[in-house]
S.K.: 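Below are the structure tokens for one structure; questions will follow.
Start at 1 with the first residue, then count along the sequence. These numbers come from the heavy atoms of this one structure, side chains and all, not from hydrogens, waters or symmetry mates.
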Amino acid sequence: MAFSRFRPEATPTARIGLGLAAVGRPGYINLGRDRDLPADRAPEALRERSHELLDAAHARGVRYLDAARSYGRAEEFLAGWLASRPEAAADVVVGSKWGYTYTADWRTDAEVHEVKDHGPATFDRQYAETRALLGDRLDLYQIHSVTPESPALSDPAVLDRLAGLAAAGVTVGLSTSGPGQAEAIRAALEVEVDGRPLFATVQSTYNVLETSAGPALAEAHAAGRTVIVKEAMANGRLAGEAAPPAVRRIAEAAGAGPDAVALAAVLRQPWAGIVLSGAATVAQLTGNLAAAGLDLDEAAAAALGELAEPPAAYWGRRSALPWH
């Protein structure tokens, strides 16, 4: 399989993907999590919630599904859904990530929830784990949260393994995080193996509060890479009552939710290929997907453009969010 199977024109909502970070583990940093998830967060309860979301997403035209090794049991939940819904599974594209290991042991009060390592031994272990669950349904495999100092962009052993994966037909990409996203994206665009670009996709945080990666993502798009946007709602800071007044005013005028406005603001970027919904409930997913039919005018876009924060301030606030 390969990410090239993805067809953004397949449905009106195909450019919105479903990320499983919020429902693959009991603890995560999204705001409102205590309200969004059941009191019982046992694996079976979250498996059921994941499958409800996947069913609803597919029925509404979502065709890209995003997981990671560090999202608790997200790959396992996704694999079970793919196996039980063969007709739906036939037309979805699946991405996952390696580089973070989930360490919370299904606890919300763990001192450390995930540990990052971009070395070849971690790749070998996690790729084997991903393959054991997703088999040949893995279309896209990404390095998780590359930063400018990440060794993954220059380690010959890692690059050799990734090139081998690409040669076997799996699309190779990376995700980025932190205030240095633009630098990491530009460094990744320069990585070649045997004279050919290695990374076909770039997944980065971009929203109306954190726009610093925008120019680099435009460069990635111009260079032929597919851009995937994560955290378009800033971990809940752009949804519901938590959204800034300007976002809520625009939403009210448009007859939509603040979440749809936040997603629509990203969808209108000419370089944005896929924008992820991190919904934890079917109602949230429904609200998110309304973004596909929301056309923001220039006045609304200008008002949203004034909300951008300095990257260091944005990421400092994000790092302080509790894991519930």
S.K.: Could you tell me how the ring of His113 sits relative to the ring of Trp323: parallel (under 30°), tilted (30 to 60°) or perpendicular (over 60°)?
M.R.: parallel
S.K.: In terms of heavy-atom contacts, does CD of Glu252 have more than 12 from other residues, nucleotides or ligands at under 6.0 Å?
M.R.: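 Open: at most 12 neighbouring heavy atoms sit under 6.0 Å from CD of Glu252.
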S.K.: For the backbone of Ser4 and the side chain of Arg7, can you confirm whether one donor and one acceptor N or O come within less than 3.5 Å of each other?
M.R.: yes
S.K.: For the residue pair Asp117 / Tyr100, report whether a side-chain donor-acceptor contact shorter than 3.5 Å exists.
M.R.: no
S.K.: Does Glu87 have more than 12 heavy atoms from other residues, nucleotides or ligands lying within 6.0 Å of its CD?
M.R.: no
S.K.: Is Asp194 atom CG crowded by more than 12 heavy atoms from other residues, nucleotides or ligands, each under 6.0 Å away?
M.R.: no
S.K.: Do Lys97 and Asp66 come close enough that some side-chain heavy atom pair is under 4.5 Å?
M.R.: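 Yes - at least one pair of side-chain heavy atoms lies under 4.5 Å apart.
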S.K.: Have Gln284 and Asp36 got a donor and an acceptor in their side chains that come within less than 3.5 Å?
M.R.: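 Yes, side-chain donor-acceptor contact under 3.5 Å.
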S.K.: Does the pair Arg225 and Leu189 meet the rule for a side-chain contact (heavy atoms from CB on, under 4.5 Å), with working shown?
M.R.: CA-CA 9 Å; Arg225 277 47 163 208; Leu189 293 178; 3.7 Å; yes
S.K.: Please list all pairs passing the ring pair (Phe, Tyr, Trp, His ring centres under 6.0 Å) test where one or both residues lie in residues 248-305, with sequence neighbours left out.
M.R.: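 Those involving residues 248-305 are Tyr206-Trp271.
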S.K.: Report yes or no: does Arg161 contribute a side-chain atom to a donor-acceptor pair with the main-chain N or O of Phe123 at less than 3.5 Å?
M.R.: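 Here the side-chain-to-backbone pair does not exist.
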S.K.: Flag yes if Leu174 and Leu165 sit in one hydrophobic cluster, no otherwise; membership is Ile, Leu, Val, Met, Phe, Trp, Tyr, and two members link when side-chain heavy atoms are under 4.5 Å apart.
M.R.: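 Cluster IDs for Leu174 and Leu165 match.
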S.K.: Can you name the closest pair of heavy atoms from Pro179 and Pro311 and give their distance?
M.R.: CB-CB, 4.0 Å
S.K.: Roughly how far apart are Arg60 CZ and His58 NE2, rounded to 0.5 Å?
M.R.: 12.5 Å
S.K.: Restricting to non-hydrogen atoms, name the atom on Ala184 and the atom on Leu153 that form the minimum distance, rounded to 0.1 Å.
M.R.: O-CD1, 4.1 Å
S.K.: Can you tell me how far apart OH (Tyr64) and CD1 (Ile16) are? Round to the nearest 0.5 Å.
M.R.: 14.5 Å
S.K.: Under a 4.5 Å cut-off applied to non-hydrogen side-chain atoms, are Arg25 and Tyr71 in contact?
M.R.: yes
S.K.: Are there more than 12 heavy atoms of other residues, nucleotides or ligands under 6.0 Å from atom CG of Asp109?
M.R.: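 More than 12 within 6.0 Å, yes.
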S.K.: Quick one: do Leu321 and Tyr102 end up in the same hydrophobic cluster if we chain Ile, Leu, Val, Met, Phe, Trp and Tyr together by side-chain heavy atoms under 4.5 Å apart?
M.R.: no
S.K.: Verify side-chain contact (heavy atoms from CB on, under 4.5 Å) between His221 and Thr226, making sure each step is shown before the conclusion.
M.R.: CA-CA 6 Å; His221 172 75; Thr226 297; over 6 Å; no
S.K.: Is it true that the side chains of Thr108 and Arg41 contain a donor and an acceptor less than 3.5 Å apart?
M.R.: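 No - no donor-acceptor pair under 3.5 Å links their side chains.
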S.K.: Shortest non-hydrogen contact from Ala152 to Ile143?
M.R.: CB-CD1, 3.8 Å
S.K.: Find out if a path of hydrophobic residues (ILVMFWY) with successive side-chain heavy-atom gaps under 4.5 Å connects Val158 to Val191.
M.R.: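 Per the 4.5 Å side-chain linkage, Val158 and Val191 are co-clustered.
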S.K.: Quick one: do the His118 and Ser150 side chains pair a donor with an acceptor below 3.5 Å?
M.R.: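 Present: a donor and an acceptor within the cut-off.
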S.K.: Given Glu44 and Arg47, is the salt bridge (charged side-chain N to carboxylate O under 4.0 Å, His left out) satisfied, shown in steps?
M.R.: CA-CA 5 Å; Glu44 283 309 312; Arg47 184 192 311 274; 3.1 Å; yes
S.K.: Looking only at side-chain N and O atoms, does Thr171 offer a donor or acceptor that is under 3.5 Å from a partner on Tyr141?
M.R.: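 No, no side-chain donor-acceptor contact under 3.5 Å.
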S.K.: Enter the distance from Glu309:CD to Thr211:OG1 here, rounded to the nearest 0.5 Å.
M.R.: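 Glu309 atom CD to Thr211 atom OG1 measures 10.0 Å (nearest 0.5 Å).
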S.K.: Ignoring hydrogens and geometry beyond distance, is a side-chain donor-acceptor pair present between Trp315 and Glu210 at under 3.5 Å?
M.R.: yes
S.K.: Does Asp259 use its side chain to pair, donor to acceptor, with the backbone of Ala239 at less than 3.5 Å?
M.R.: no
S.K.: Quick one, Thr147 with Thr176, criterion side-chain contact (heavy atoms from CB on, under 4.5 Å). Give me CA distance, side-chain angles, the key distance, then yes/no.
M.R.: CA-CA 6 Å; Thr147 57; Thr176 65; over 6 Å; no
S.K.: Yes or no on side-chain contact (heavy atoms from CB on, under 4.5 Å) for Leu217 and Ser204, after CA distance, side-chain angles and deciding distance?
M.R.: CA-CA 8 Å; Leu217 292 173; Ser204 299; 3.6 Å; yes
S.K.: Answer yes or no: is there a side-chain heavy-atom contact under 4.5 Å between Thr281 and Glu52?
M.R.: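 They are not in contact (no side-chain heavy atoms under 4.5 Å apart), so the answer is no.
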S.K.: Would you please say whether a donor-acceptor pair under 3.5 Å links the side chains of Ser96 and Glu75?
M.R.: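 Judged by distance alone, the side chains do pair up.
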S.K.: Can you find a heavy atom in the side chain of Leu65 that is under 4.5 Å from one in the side chain of Leu20?
M.R.: no
S.K.: Describe, in one word, how the ring planes of Phe6 and Phe3 are oriented to each other, choosing from parallel (under 30°), tilted (30 to 60°) and perpendicular (over 60°).
M.R.: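 Phe6 and Phe3: parallel rings.
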S.K.: Below 4.5 Å, heavy atoms only, C-beta onward: do Ile274 and Leu276 meet side chain to side chain?
M.R.: yes
S.K.: Is Ile29 reachable from Leu238 through a run of hydrophobic residues whose side-chain heavy atoms are each under 4.5 Å from the next?
M.R.: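 They do not share one cluster, since no chain of ILVMFWY contacts under 4.5 Å joins Leu238 to Ile29.
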S.K.: Checking the side chain of Asn207 only, and the main-chain atoms of Leu209 only, is there a donor and an acceptor separated by less than 3.5 Å?
M.R.: yes
S.K.: Counting neighbours of CD on Glu241 that are heavy atoms of other residues, nucleotides or ligands and sit closer than 6.0 Å, is the number greater than 12?
M.R.: no
S.K.: Specify the closest pair of heavy atoms between Ala264 and Ala291, including all atoms of both residues, with the distance to one decimal.
M.R.: N-CB, 3.7 Å
S.K.: Would you mind reporting whether Val93 and Arg63 have side-chain heavy atoms less than 4.5 Å apart?
M.R.: no
S.K.: What's the spacing between Leu133 CG and Leu138 CG if we round to 0.5 Å?
M.R.: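 Here the rounded value is 11.0 Å.
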S.K.: Below 4.0 angstrom, N of the basic side chain to O of the carboxylate: do Glu129 and Arg125 qualify?
M.R.: yes
S.K.: Please find the pair of heavy atoms, one from Leu307 and one from Ala246, that lie closest to each other, and give the distance.
M.R.: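 Residues Leu307 and Ala246, closest heavy atoms: CD2-CB, 4.3 Å.
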S.K.: Report whether Leu31 and Leu263 are members of the same hydrophobic cluster (ILVMFWY, side-chain heavy atoms less than 4.5 Å apart, transitive linking).
M.R.: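 They do not share one cluster, since no chain of ILVMFWY contacts under 4.5 Å joins Leu31 to Leu263.
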S.K.: How long is the span from the CZ atom in Arg15 to the CD1 atom in Ile228, to the nearest 0.5 Å?
M.R.: 12.5 Å
S.K.: Side chains of Lys230 and Val275, heavy atoms from C-beta outward: is any pair under 4.5 Å?
M.R.: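 Answer no - side chains too far apart.
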S.K.: Test: salt bridge (Lys or Arg N to Asp or Glu O under 4.0 Å). Region: residues 311-321. Which pairs qualify, not counting sequence neighbours?
M.R.: Glu231-Arg318
S.K.: Between the main-chain N or O of Ala89 and the side-chain N or O of Arg85, is there a donor-acceptor pair closer than 3.5 Å?
M.R.: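 No: the side chain of Arg85 does not pair with the backbone of Ala89.
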S.K.: From Asp40 CG over to Leu46 CG, what is the distance, rounded to the nearest 0.5 angstrom?
M.R.: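 CG of Leu46 is found 8.0 Å from CG of Asp40.
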S.K.: Would you say Tyr28 and Arg33 make side-chain contact, with heavy atoms under 4.5 Å?
M.R.: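 Of all side-chain heavy-atom pairs linking Arg33 with Tyr28, at least one is under 4.5 Å.
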S.K.: Could you check whether Gln181 and Ser212, counting side-chain N and O atoms only, form a donor-acceptor pair closer than 3.5 Å?
M.R.: no
